[in-house]
Amino acid sequence: MKVLVIGGGGREHAIVWKLARSPLAPDIYCAPGNGGIGEIARLVDIQVDEVDRLLAFARTEGIDLTVVGPELPLSMGLVDRFQEAGLKTFGPRRMAARIETSKVFCKELLLKYDVPTARAEVAEGIDAARRLLDRRPLPLVIKAEGLAAGKGVVVAATREEADRGLDELSGLGEASRRILIEDFLSGEEMSFLVLTDGERALPLGTARDYKRVFDGDQGPNTGGMGTLSPSPLIGQDLEEVILKRIIGPTLRGLSREGEPYRGVLYAGLMLTSQGPMVLEYNARFGDPETQVILPRLQSDLLALMEQVAGGGLPSTIDWRSEASVCVVAAAKGYPGPYRKGDEIEGLDQVGQSEGLFVFHAGTYRQNEKWLTRGGRVLGVTALGNGMEKARERAYAAIRQIRFEGMHYRRDIGLTKSGQTIA
Ligand code: AMP
Ligand code: GLY
């Protein structure tokens, strides 16, 4: 069996690693992949937005299953094109992926189908947004409609912050043609993932993402500086509420307004005093949520994905009992312009023991050396008996890794106030 994974970050390394452990023993290709992925899969030198070339490759190579990691190819209709060519593909079609690719579509759908979310208004263009801003209560949240690689959301506590935030968003071009201005929600955040056939949903784990670059949730937003799983906030009752009040009506809405959503659906939730509310949806696995969720997965990911790509849905998923923590090592300057091409040392000492993983996000290999190439360079994930053990193991491992300008948060796996999570 031949599998093609599209993408080249830590998320895709975790997906490829898990697929490679399948009893079906697949041949795995990854486009474009990265240094770490190259150790366990064949790298294909095609970028994620080169849909024609990816399609030609999949046909020539006789790929049996394609798995899409990032949102960009989903927004370009890659899944539609592959399916029309008769290729089995894991991921939502373009119309369904709008739940992520258009925040306006998402918000309108949530409001129409009575899914709890922050109230919002839509402005056509920056000038209209500026006028709207003046009459909304503070704090408020400003969001660009389109894909913005984590740079499309500004939380503003003052008028000055709101004005500055709007200036930043105006630099995003087409993505900020329409702008959402929404109420600020307070509470604890949780990432909640499901596998779905468009009608039914099966929970695929929870996580907490640490999005700000510095300890104590300070500094600018990033793609994610670390994660833990499962979320300490999840329990049977809350899971039922989320499935019934949030996921169920969202899937119904998608089927009626566009087309059924098949694949993995990721809800970014705020647990407020009035219950869980949707901050956003992603039409794919999260990064770095995937790096903590997949190591806890006992079931065969390949079998799960094949079933969903074929229009079905598995009945159960098995999990390991351990908790997991992932700490991301980033390059100097990230999330702004960052250093590249530095040698990474210490990788050989780490990653050989059970329940410890180094997922590469931005690395490549040259002359037997590992070099940096991305803002997020790698993520060290550890499983442990309880969050504290997992956390200790992840930090013990990342301390052995070094590269010029490397930085990482010291508080991944702790609560907002710096407490250990039991
Ligand atoms: P999003 O890309 O929509 O998930 O937004 C990125 C981050 O901005 C979220 O993880 C939250 O921390 C924050 N955020 C987004 N929307 C809101 C909101 N309505 N209230 C408070 N924080 C928000
Ligand atoms: N970690 C958030 C995301 O993948 O969008």
Side-chain angles (χ1 to χ4, degrees), residues 7 9-12 14-15 68-72 74 97 99-107 110-111 115-121 136-157 161-162 165 168-169 172 175-176 179-193 205-213 217-229 231 264-274 276-294 326 328 335 359 361 375-376 379 412 416:
R11 163 183 51 213
E12 287 76 22
I15 290 171
V68 186
E71 59 276 21
L72 184 59
L74 297 172
I99 195 80
E100 169 167 9
T101 59
S102 166
K103 286 191 194 290
V104 173
F105 171 80
C106 177
K107 184 63 76 173
L110 297 181
L111 294 174
V115 179
T117 187
R119 282 183 310 165
E121 284 184 275
R136 303 272 311 185
L138 293 164
L140 51 76
V141 183
I142 316 172
K143 300 185 175 183
E145 170 177 27
L147 295 181
K151 295 190 166 52
V153 177
V154 174
V155 178
E161 278 176 18
E168 280 165 30
L169 295 191
L172 294 172
S176 60
I179 287 174
L180 272 169
I181 298 178
E182 69 178 42
D183 290 351
F184 175 83
L185 301 174
S186 49
E188 297 276 349
E189 284 184 51
M190 181 168 87
S191 308
F192 187 94
L193 282 74
T206 56
R208 155 128 197 242
D209 183 11
Y210 292 72
K211 287 199 167 97
R212 303 295 194 96
V213 68
D217 291 337
Q218 302 297 309
N221 256 322
T222 70
M225 292 297 291
T227 33
L228 59 79
S229 177
S231 162
V264 56
L265 179 66
Y266 159 153
L269 304 175
M270 186 72 90
L271 305 185
T272 73
S273 54
Q274 279 136 61
M277 299 178 90
V278 175
L279 293 175
E280 64 158 352
Y281 274 112
N282 292 319
R284 50 173 174 83
F285 276 103
D287 187 338
E289 283 84 347
T290 309
Q291 291 91 306
V292 279
I293 288 177
L294 293 187
C326 173
V328 170
F359 293 121
R376 288 185 291 176
I412 308 299
K416 265 186 195 165

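We count ligands from 1, going down the list as the structure has it; atoms in each ligand are counted the same way. It should be emphasised that the depicted structure is a prediction, and the values quoted were computed from it without experimental measurement.
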Considering only non-hydrogen protein atoms, determine which one is nearest to atom 17 (C) of ligand 1 and report residue, atom name and distance to 0.1 Å. Leu279 CD2, 3.4 Å

Do the side chains of Val292 and Leu228 get nearer than 4.5 Å, heavy atoms only? no

Looking at ligand 2, is there an atom of it that comes within less than 4.0 Å of some heavy atom belonging to Gly224? no

Considering non-hydrogen atoms of the protein only, which is the closest contact for atom 2 (O) of ligand 1, and what is the distance? Glu280 OE1, 3.2 Å

Closest to atom 19 (N) of ligand 1 among protein heavy atoms sits Glu182 OE2, 2.8 Å

In this structure, does ligand 1 have an atom that sits under 4.0 Å from one of the heavy atoms of Met277? no

Is it true that a side-chain atom of Thr222 and a backbone atom of Pro335 form a donor plus acceptor pair closer than 3.5 Å? no

Mind checking whether Lys211 has an N or O less than 3.5 Å away from an N or O of ligand 2? no

Do any heavy atoms of Thr117 fall under 4.0 Å from ligand 1? no

Quick one: does any side-chain atom of Arg208 pair with a main-chain N or O of Ser231 as donor and acceptor, under 3.5 Å? no

Testing the basics here: between Arg11 and Phe285, what is the closest heavy-atom pair and its distance to 0.1 Å? NH1-O, 2.9 Å

Would Tyr281 and Leu110 count as a side chain to side chain contact (heavy atoms under 4.5 Å, CB included) here? Give the steps. CA-CA 10 Å; Tyr281 274 112; Leu110 297 181; 3.7 Å; yes

Close approach of Gly268 to ligand 2, heavy atoms, under 4.0 angstrom: no

May I ask you to test the Glu12-Pro70 pair for a side-chain heavy-atom distance under 4.5 Å? yes

Could you tell me if the side chain of Arg284 sits less than 4.5 Å from the side chain of Val68, heavy atoms only? no

Beyond-backbone contact of Ile142 with Leu180, side-chain heavy atoms, under 4.5 angstrom: no

Note: Arg284, heavy atoms under 4.0 Å from ligand 2, region reported as side chain

Quick one: does Tyr266 get a heavy atom under 4.0 Å from ligand 2? yes

Starting from atom 4 (O) of ligand 2, locate the nearest protein heavy atom and write down its residue, its atom name and how far away it is, to 0.1 Å. Asp287 N, 2.9 Å

How close does the nearest protein non-hydrogen atom get to atom 3 (O) of ligand 1, and which residue and atom is it? Lys143 NZ, 3.1 Å

Check: Glu280 N/O within less than 3.5 Å of ligand 2 N/O: no

Close-contact set for ligand 2 against Gly286 heavy atoms, below 4.0 Å: 4 (O)

of all protein heavy atoms, closest to atom 20 (N) of ligand 1 is Leu185 N, 2.8 Å

Considering distance alone, does some N or O of Asn221 sit under 3.5 Å from an N or O of ligand 1? no

What atoms of ligand 2 come within less than 4.0 Å of a heavy atom belonging to Glu289? 1 (N), 2 (C), 4 (O)

Phe184 heavy atoms, cut-off 4.0 Å: which ligand 1 atoms fall inside? 20 (N), 21 (C)

Return the closest protein heavy atom for atom 22 (N) of ligand 1 as residue, atom name and distance. Met270 CE, 4.0 Å

Is it true that Glu280 and Lys143 have a side-chain N and a carboxylate O under 4.0 angstrom from each other? no

Region of Asp209 engaging ligand 1 - heavy atom pairs below 4.0 Å: neither

Of the protein's non-hydrogen atoms, which lies at the shortest distance from atom 13 (C) of ligand 1, and what is that distance? Val155 CG2, 4.2 Å

Verify side chain to side chain contact (heavy atoms under 4.5 Å, CB included) between Lys107 and Thr117, making sure each step is shown before the conclusion. CA-CA 8 Å; Lys107 184 63 76 173; Thr117 187; 2.9 Å; yes

Considering only non-hydrogen protein atoms, determine which one is nearest to atom 8 (O) of ligand 1 and report residue, atom name and distance to 0.1 Å. Val153 CG1, 3.6 Å

Which atoms from ligand 2 have a heavy atom of Asp209 less than 4.0 Å away? 1 (N), 2 (C)

Cationic N near anionic O, under 4.0 Å, Arg119 to Asp183: yes

Taking non-hydrogen atoms only, is Thr227 closer than 4.0 angstrom to ligand 2 via side chain, backbone, both or neither? neither

Need the ligand 1 atom indices (1-based, order shown) with element for anything under 4.0 Å from a heavy-atom of Lys103. 2 (O), 3 (O)

Looking only at atom types and distance, does a side-chain atom of Arg376 sit under 3.5 Å from a main-chain N or O of Val328, one as donor and one as acceptor? no

Below 4.5 Å, heavy atoms only, C-beta onward: do Glu100 and Leu147 meet side chain to side chain? yes

Please examine the side chains of Ile15 and Thr290, heavy atoms only from C-beta on, and report whether any two atoms are closer than 4.5 Å. yes

Go through the steps for Leu185 and Leu279 under the test side chain to side chain contact (heavy atoms under 4.5 Å, CB included), then give the verdict. CA-CA 9 Å; Leu185 301 174; Leu279 293 175; 4.0 Å; yes

Atom indices of ligand 2 within 4.0 angstrom of Gly223 heavy atoms, with elements: 1 (N)

